[in-house]
Amino acid sequence: MRIRFILSLAALGALATTARAGELVTLRNGFTQRCDHHADVDGHVRLYLAAGEDNYIEFLPQEISGVEQVADAPPAANANDPVKDAAAAVPETTIDAKLSPADLREMLAKAGGEHNLDVDLLASLVKAESGGNAHAVSRSGARGLMQLMPGTATELGVQDSFKPDQNVRGGSTYLDALLTRYRNNLALALAAYNAGPAAVDRHRGIPPYRETRAYVARVIHEFNRRVLAREALANQTVASATGQSRNGTR
C-alpha cells in the first residue's frame, strides 16, 4: 500500500510562489499537513492555511503526532477569484437497499487493491460524495456512488454510472490519476476531484471555494476517523490475544 503524502489546503512544494517560515504537521494516519501556523482552540488543533485566521482546518489532538518548522509555507488563496460551480455535495443517505455495506466494502477493497489506495480513503470519499446512494445525482449532474460527471465517466470507460461496480472502478481510477498528477498530494487530488483539475491548476492549490475547502476537510476528517478506529480495533485485538495467551500458560 503506497502512502499518500502532504495533506495541504493551499499551494505546496513546487507550486509555492513564496518562501517564508511555516509548519509541517504529521498526522497519525501517515500523512502530513503543511500550514502557516497552528493554535489550540476549544479542544481542537486549528491549522491556519495563511498568515491570517480566515482559512483553517481543524483536527483532534489525538490525530496529530508532531509539528515541525519548515520553509515555504503555502501562499494565501485569492478570495477575489471567481468561484466555479463545483459539483454539489449530496445529502447524507442510507446505503442502497440492493447494495449492502459488506458488498460496498468488498468493491472498495478490490478497487483499492488495483490502484494501491487505502480502502478507508475510498470509503471516506464515497460517504462525502453520495452517502452510499448508488442512484445519487448532484445538481451539476454528477452520478452514482463516487459522483462521476458524464464526460469523466465516458473518458474512464464507465458505461453506466449508476452501477456500483462500474462507478467505483471509474472513481478509483480517476482518484489514482489525480494523485499521480499532483505527486501524491491528497488534498490537491481531492480538490480536483470536487472542483476539477483546471481550477486547482489555475489557483496553484486548493481553489478558494467554500464548498471545495469544506469537501476536502470532510473527506480528510472522515479518513482520519476511520484510521484511528482501525488502529484502536487492532490494538484491542492484540491486547485480547495477549491476555488469552497469558491465561493459557497459567
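In terms of hydrophobic clustering, with Ile, Leu, Val, Met, Phe, Trp and Tyr side chains grouped at heavy-atom distances under 4.5 Å, Leu228 and Phe223 are assigned to different clusters.
Applying the 6.0 Å contact sphere to CD of Glu106 captures no more than 12 heavy atoms from other residues, nucleotides or ligands. Residue-environment remark: CD (Gln62) exceeds the threshold of 12 foreign heavy atoms within 6.0 Å.
Within the structure, the ring-ring contact (aromatic ring centres under 6.0 Å, His included) test picks out the following pairs touching residues 161-181 (sequence neighbours left out): Tyr174-Tyr193.
Put simply, the side chain of Leu233 reaches to within 4.5 Å of the side chain of Gln236, judged on heavy atoms. Between Gln166 and Ser161, the closest side-chain pair of non-hydrogen atoms is not below 4.5 Å.
To the nearest 0.5 Å, atoms CG (Leu145) and OG (Ser130) are separated by 4.5 Å. From Leu122, atom CG reaches atom CG of Leu175 across 6.5 Å, with rounding to the nearest 0.5 Å. How far CG of Leu179 is from CG of Asn185: 8.5 Å, rounded to the nearest 0.5 Å. To the nearest 0.5 Å, the span separating CG on Leu186 from CG on Asp118 amounts to 10.0 Å. How far CZ of Arg105 is from CG of Leu99: 13.5 Å, rounded to the nearest 0.5 Å. For the atom pair Leu156 CG and Arg169 CZ, the distance stands at 10.0 Å (nearest 0.5 Å).
Between the side chain of Gln147 and the main chain of Ala136, a donor-acceptor pair closer than 3.5 Å is present. Proximity of a side-chain donor or acceptor of Thr152 to a complementary backbone N or O of Leu148 within less than 3.5 Å is not detected. With hydrogens and angles ignored, the 3.5 Å screen pairs a side-chain donor or acceptor of Asn167 with a backbone N or O of Met146.
Applying the salt bridge (Lys or Arg N to Asp or Glu O under 4.0 Å) criterion to Asp201, with sequence neighbours excluded, gives Arg181. Arg225 is linked by a salt bridge (Lys or Arg N to Asp or Glu O under 4.0 Å) to Glu222, counting only residues two or more places apart in sequence or in another chain.
Side-chain polar atoms of Thr173 and Asp176 form no donor-acceptor pair below 3.5 angstrom. No side-chain donor from either of Glu23 and His37 sits under 3.5 Å from a side-chain acceptor of the other.
Between His203 and Tyr209, the gap from one ring centroid to the other is short of 6.0 Å.
Using a cut-off of 4.0 Å between Lys/Arg side-chain N and Asp/Glu carboxylate O, Asp160 and Arg143 are scored as not salt-bridged. A salt bridge is absent between Asp40 and Arg46; no separation between the charged side-chain nitrogens and carboxylate oxygens falls under 4.0 Å.
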*Using the side-chain contact (heavy atoms from CB on, under 4.5 Å) rule, take Val67 and Thr26 through it: C-alpha gap first, then chi angles, then the decisive distance, then the call.*
CA-CA 6 Å; Val67 179; Thr26 302; over 6 Å; no
*Go through the steps for Arg230 and Val227 under the test side-chain contact (heavy atoms from CB on, under 4.5 Å), then give the verdict.*
CA-CA 5 Å; Arg230 188 171 67 193; Val227 169; 3.9 Å; yes
